[in-house]
Amino acid sequence: MERWWWRMRHTVRSIVFPLICLQFLRTLIFPTWIDVLLLFVLFIVLLGLLLNVF
């Protein structure tokens, strides 16, 4: 993996978790299919970062 990505992974991980929390609240209030899809994609990205796939 490229060197810049290894430096930015922790920054991206710290940004993705609050985005997931906000998106989850938005999905609870206004559940559209786009919100659910975006929440799913953000969750998959977070899992990939936590399991060192990305």
Side-chain angles (χ1 to χ4, degrees):
M1 188 97 20
E2 296 182 25
R3 186 177 296 272
W4 66 271
W5 176 245
W6 288 107
R7 288 182 287 162
M8 294 301 293
R9 281 182 61 222
H10 300 292
T11 305
V12 171
R13 188 185 307 172
S14 65
I15 292 172
V16 167
F17 184 71
L19 281 177
I20 288 176
C21 293
L22 291 173
Q23 186 61 34
F24 179 72
L25 291 174
R26 178 184 157 99
T27 304
L28 286 177
I29 296 169
F30 303 113
T32 65
W33 67 272
I34 295 174
D35 290 329
V36 173
L37 182 65
L38 183 60
L39 183 62
F40 178 72
V41 168
L42 286 173
F43 182 70
I44 294 298
V45 167
L46 182 66
L47 279 180
L49 288 170
L50 291 176
L51 296 175
N52 292 326
V53 174
F54 299 122

Can you run down the side-chain hydrogen bond (donor to acceptor under 3.5 Å, both in side chains) pairs that involve residues 11-24, sequence neighbours left out, and say none if there aren't any?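 Listed by first then second residue: Gln23-Asp35.
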When hydrophobic residues are tied together by side-chain contacts of less than 4.5 Å, even through go-betweens, does [X] share a cluster with [Y]?
X: Leu49; Y: Ile15; answer: yes
X: Leu22; Y: Phe40; answer: no
X: Leu19; Y: Val36; answer: no

Phe43: which residues meet the side-chain contact (heavy atoms from CB on, under 4.5 Å) condition with it, sequence neighbours left out?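 Expected list: Leu47.
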Using side-chain contact (heavy atoms from CB on, under 4.5 Å) as the criterion, list what pairs up with Ile20, not counting sequence neighbours.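 Val16, Leu39, Leu42, Leu46.
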Members besides Leu37 in its Ile/Leu/Val/Met/Phe/Trp/Tyr cluster (side-chain heavy atoms under 4.5 Å):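 ILVMFWY cluster around Leu37 also holds Trp33, Ile34.
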